[in-house]
Undergrad: 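First, the structure itself, so that you have it in front of you.
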Amino acid sequence: MKLSPLVIGIFGISSCSLLHASALDQSGQSILPFLETGHYAEVSIANVDPDISGKIRNRPDLVSDVTNLNTGNMGNSFQYYNAALKLQLTEDVSFGILYDQPFGADIHYPLQSNNTFSDNEFSQQGTSVNVDTHNISMLLGISPFTNFQLYGGAVYQSVEGDVSLRGNAYGPLFNGYDAKFKEDHAVGWLTGLSYQKPEIALKAAITYRSKIDHKLQVTETVFGEPLEATLPQKTKISTPQSVNLDIQTGIASNTLAYANLRWVNWKEFKIRPTQFGALTEYISSIISDGTYVDGFDLDSYQHDQWTTTLGIGHQFTPKWSASTEVSWDSGTGDPASNLNPTKGSWGLGFGAQFNPTPHYFIAGGIKYFWLGDVVAEDGTYHLPISGIQSTAEQADFKNNSAIAYGLKMGYRF
């Protein structure tokens with residue numbers, strides 16, 4: 001049942017690739033290129049086009065124009081890139097370098113007459129979020145026993161971003177708030193175990209990635225004026241730890257089945273810039289009559305993310321193969337932040353791969369996502385304050401979707 005290299009999934013466009021499906025998760029952080037036989041290199045690009053909109057709750061504190069309760073499409077198209085190099089140094093020792101963009105965000109609410117998530121009066125801007133990360137993972141693998149490999153290494157990560165809050169949804173204190181997160185670099189680690197049995201095209205691997213702690217310099221302003229509610233200090237952010245389980249095996253002549261299970265510890269993730277946090281402590285004290293004074297986060301998540309992908313690939317000729325897959329993403333809770341108003345997804349994808357020679361291939365794929373319905377809230381929903389939940393809920397996002405497509409090239413040498 002030994003097969004020529006088959007298309008795996010749709011070339012990196014798994015459900016993890018859609019950041020709007022769960023928190024900021026984007027690339028899926030796969031180590032599959034490191035499991036390739038011999039020397040191997042690949043590059044890929046993916047594009048995601050989301051269509052995410054909702055209906056605003058008809059309340060006078062949220063809506064300036066009651067004839068327009070639409071949020072407009074707040075999901076921007078975005079691209080991300082991956083690259084990998086794997087070297088088989090000896091029969092039992094391998095080395096790899098993986099580049100990916102694991103987490104990210106690119107949203108922008110359009111200007112609407114309701115002024116809920118946009119500001120027509122002063123800035124003529126909508127609420128927006130942009131987050132950009134880059135990972136370089138360096139792996140060393142050792143095979144102490146036949147078919148088994150232990151691997152691990154360091155991860156160098158950069159993070160930067162900016163957030164703009166606009167509109168009635170953020171009240172008189174935070175409409176006009178901007179936070180610019182200066183790029184920060186930090187180091188984490190990963191480790192894992194793999195098992196391969198080539199005669200049945202079996203590969204299995206479990207990989208753990210640590211959280212990575214950052215301290216970012218953040219410039220906070222309101223309509224361009226510095227926000228100085230407390231003494232300045234850096235903002236701590238930890239990108240989450242995760243576990244990936246990858247399995248593939250031959251199930252018939254020239255046919256391969258594969259699965260991925262991914263867990264990401266988003267429940268421990270939060271963003272609270274210094275000045276924003278100090279101001280929210282004051283606000284929470286006022287609205288709770290002094291019973292709660294701990295403030296709230298700019299963004300956080302209530303549940304961990306679980307993602308699973310199941311697929312099958314078939315090699316039709318020595319040069320052509322194709323695959324199809326389904327995926328499910330749990331999301332990170334309902335209600336969700338109005339900076340990420342979806343609750344997971346279901347996905348269906350198709351891909352094809354062309355091998356002009358045994359040494360290299362070109363692959364492409366497309367995947368459609370049905371995004372989960374969710375209630376959007378302003379970040380205060382889970383505070384221990386009586387009656388806060390009804391005022392925190394701001395909009396209902398339903399029947400949204402996204403489409404992802406990408407291209408990948410691989411070379412064996």
Undergrad: Could you check whether any side-chain N or O of Asp51 sits under 3.5 Å from a backbone N or O of Asn400, counting only pairs where one atom can act as donor and the other as acceptor?
TA: no
Undergrad: Give the C-alpha distance, both sets of side-chain angles, the deciding distance and a yes or no for side chain to side chain contact (heavy atoms under 4.5 Å, CB included) between Asn76 and Ile107.
TA: CA-CA 5 Å; Asn76 283 348; Ile107 73 165; over 6 Å; no
Undergrad: Report the C-alpha distance between Asp25 and Arg262 in whole Å, list the side-chain angles of each, state the deciding distance to 0.1 Å, and finish with yes or no for salt bridge (Lys or Arg N to Asp or Glu O under 4.0 Å).
TA: CA-CA 11 Å; Asp25 208 29; Arg262 175 168 167 81; 2.9 Å; yes
Undergrad: For Thr280 and Phe174, work out which heavy atoms get closest and say how close.
TA: CG2-CZ, 3.8 Å
Undergrad: Salt bridge or not for Glu36 and Arg412, using N-O below 4.0 Å?
TA: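 So Glu36 pairs with Arg412 through a salt bridge.
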Undergrad: Considering the options Leu98, Thr207, Ile31, which one meets the side-chain contact (heavy atoms from CB on, under 4.5 Å) requirement together with Ser137?
TA: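 Testing each of Leu98, Thr207, Ile31 against Ser137, the sole residue satisfying side-chain contact (heavy atoms from CB on, under 4.5 Å) is Leu98.
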Undergrad: Let's go through Phe397 and Ile52 carefully: what are the C-alpha distance in whole Å and the side-chain angles of both, what is the deciding distance for side chain to side chain contact (heavy atoms under 4.5 Å, CB included) to 0.1 Å, and is it a yes or a no?
TA: CA-CA 7 Å; Phe397 285 77; Ile52 304 174; 4.0 Å; yes
Undergrad: More than 12 heavy atoms of other residues, nucleotides or ligands under 6.0 Å from CZ of Phe145: is that the case?
TA: no
Undergrad: State, yes or no, whether a side-chain contact exists between Asn265 and Lys267 at a heavy-atom distance under 4.5 Å.
TA: yes
Undergrad: Does the side chain of Tyr208 reach to within under 4.5 Å of the side chain of Gln241, using non-hydrogen atoms?
TA: yes
Undergrad: Donor-acceptor check, side chain of Asn58 to backbone of Val66, threshold 3.5 angstrom: yes or no?
TA: no
Undergrad: As an exercise, state the distance from CD1 of Ile366 to CZ of Phe350, rounded to the nearest 0.5 Å.
TA: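 Answer for the CD1-CZ pair, Ile366 versus Phe350, is 9.5 Å.
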Undergrad: Are there over 12 heavy-atom neighbours, none belonging to Leu231, within less than 6.0 Å of that residue's CG?
TA: no
Undergrad: Would the number of heavy atoms belonging to other residues, nucleotides or ligands and lying under 6.0 Å from CZ of Phe223 be above 12?
TA: yes
Undergrad: Check this for me: does any side-chain nitrogen of one of Asp396 and Arg57 sit under 4.0 Å from a carboxylate oxygen of the other?
TA: yes
Undergrad: Indicate whether any N or O donor in one side chain lies under 3.5 Å from an N or O acceptor in the other, for Asn115 and Asn168.
TA: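 Checked: Asn115/Asn168 side chains show no N/O donor-acceptor pair below 3.5 Å.
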Undergrad: Report yes or no: does Thr127 contribute a side-chain atom to a donor-acceptor pair with the main-chain N or O of Phe117 at less than 3.5 Å?
TA: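 At least one qualifying donor-acceptor pair exists.
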Undergrad: Please tell me if the side chains of Asp100 and Asn82 come closer than 4.5 Å, counting only heavy atoms from C-beta onward.
TA: yes
Undergrad: Testing the 3.5 Å rule here: is there a donor-acceptor pair between the side chains of Tyr405 and Asn47?
TA: yes
Undergrad: Can Lys86 and Glu42 be counted as an ion pair, charged N to O under 4.0 angstrom?
TA: no
Undergrad: Measure the shortest side-chain to side-chain distance between Gln305 and Trp266 over non-hydrogen atoms and say whether it is less than 4.5 angstrom.
TA: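 Yes, close enough: below the 4.5 Å cut-off.
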Undergrad: Measure the OG-CD distance between Ser64 and Gln112 for me, rounded to the nearest 0.5 Å.
TA: 12.0 Å
Undergrad: Show your reasoning for whether side-chain hydrogen bond (donor to acceptor under 3.5 Å, both in side chains) applies to Tyr109 and Thr71.
TA: CA-CA 7 Å; Tyr109 284 89; Thr71 65; over 6 Å; no
Undergrad: Can you tell me if Gln124 has over 12 outside heavy atoms packed within less than 6.0 Å of its CD?
TA: yes
Undergrad: When rounded to the nearest 0.5 angstrom, what distance separates CG in Leu310 from OG1 in Thr324?
TA: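 If I round to the nearest 0.5 Å, the distance is 11.0 Å.
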Undergrad: Judged by atom type as modelled, is there a donor-acceptor pair below 3.5 Å linking the side chain of Asp334 to the main-chain atoms of Val375?
TA: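 It does hold such a pair.
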Undergrad: Apply side chain to side chain contact (heavy atoms under 4.5 Å, CB included) to residues Lys182 and Glu160 and explain how you reach the verdict.
TA: CA-CA 6 Å; Lys182 186 177 179 181; Glu160 63 180 327; over 6 Å; no
Undergrad: Looking at Lys211 and Glu268, is any side-chain nitrogen of the basic one under 4.0 Å from a carboxylate oxygen of the acidic one?
TA: no
Undergrad: Tell me yes or no: between the side chains of Asp65 and Ser113, is some donor less than 3.5 Å from an acceptor?
TA: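 Present: a donor and an acceptor within the cut-off.
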Undergrad: Identify whether the distance between the nearest side-chain nitrogen and carboxylate oxygen of Asp61 and Arg59 falls below 4.0 Å.
TA: yes
Undergrad: For the atom pair NE2 (His214) and CG (Asp184), what is the distance rounded to the nearest 0.5 Å?
TA: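 The NE2 atom of His214 sits 6.0 Å away from the CG atom of Asp184.
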Undergrad: Heavy atoms only: give me the nearest Arg166-Ser123 pair and the separation to one decimal.
TA: NE-OG, 3.2 Å
Undergrad: Walk me through it: do Gln125 and Ser118 pass the test side chain to side chain contact (heavy atoms under 4.5 Å, CB included)?
TA: CA-CA 6 Å; Gln125 296 174 336; Ser118 60; over 6 Å; no
Undergrad: Side-chain contact test, heavy atoms from C-beta onward, threshold under 4.5 Å: evaluate it for Tyr301 versus Asn340 and give yes or no.
TA: yes
Undergrad: Begin with the C-alpha distance, continue with both residues' side-chain angles, and end with the deciding distance and a verdict on side-chain hydrogen bond (donor to acceptor under 3.5 Å, both in side chains) for Gln394 and Thr116.
TA: CA-CA 9 Å; Gln394 296 181 330; Thr116 303; over 6 Å; no
Undergrad: If every non-hydrogen atom of Gly188 is compared with every non-hydrogen atom of Ser210, which pair is closest and at what distance?
TA: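 Closest heavy-atom pair between Gly188 and Ser210: CA-OG, 3.6 Å.
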Undergrad: Check whether any side-chain heavy atom of Phe181 sits under 4.5 Å from a side-chain heavy atom of Val163, and report yes or no.
TA: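 Counting from C-beta outward, Phe181 and Val163 do come under 4.5 Å.
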Undergrad: A side-chain contact here means heavy atoms from C-beta on lying under 4.5 Å apart; do Gln196 and Leu202 qualify?
TA: no
Undergrad: For Thr249 and Lys203, run side-chain hydrogen bond (donor to acceptor under 3.5 Å, both in side chains): C-alpha distance rounded to whole Å, both residues' side-chain angles, the deciding distance at 0.1 Å, then the answer.
TA: CA-CA 6 Å; Thr249 185; Lys203 290 183 181 180; over 6 Å; no
Undergrad: Would the His185 and Tyr156 ring centres measure less than 6.0 Å apart?
TA: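 Ring centroids of His185 and Tyr156 are less than 6.0 Å from each other.
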Undergrad: Run the numbers on Tyr177 and Phe276 for ring-ring contact (aromatic ring centres under 6.0 Å, His included), then give the verdict.
TA: CA-CA 9 Å; Tyr177 172 84; Phe276 180 92; 5.4 Å; yes
Undergrad: Mind running side-chain hydrogen bond (donor to acceptor under 3.5 Å, both in side chains) on Thr235 and Arg272 for me, showing each step along the way?
TA: CA-CA 7 Å; Thr235 296; Arg272 187 184 292 198; over 6 Å; no
Undergrad: Output the distance between atom OG (Ser27) and atom OH (Tyr99), rounded to the nearest 0.5 Å.
TA: 10.0 Å
Undergrad: Once you round to the nearest 0.5 Å, how far does CG of Asp299 lie from OG of Ser337?
TA: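 Here the rounded value is 4.0 Å.
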Undergrad: Determine, step by step, whether Trp346 and Phe369 satisfy the ring-ring contact (aromatic ring centres under 6.0 Å, His included) criterion, reporting the C-alpha distance in whole Å, the side-chain angles of both residues, the deciding distance to 0.1 Å, and the verdict.
TA: CA-CA 6 Å; Trp346 285 91; Phe369 296 89; over 10 Å; no
Undergrad: Measure the shortest side-chain to side-chain distance between Phe269 and Ile271 over non-hydrogen atoms and say whether it is less than 4.5 angstrom.
TA: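 A side-chain contact under 4.5 Å exists here.
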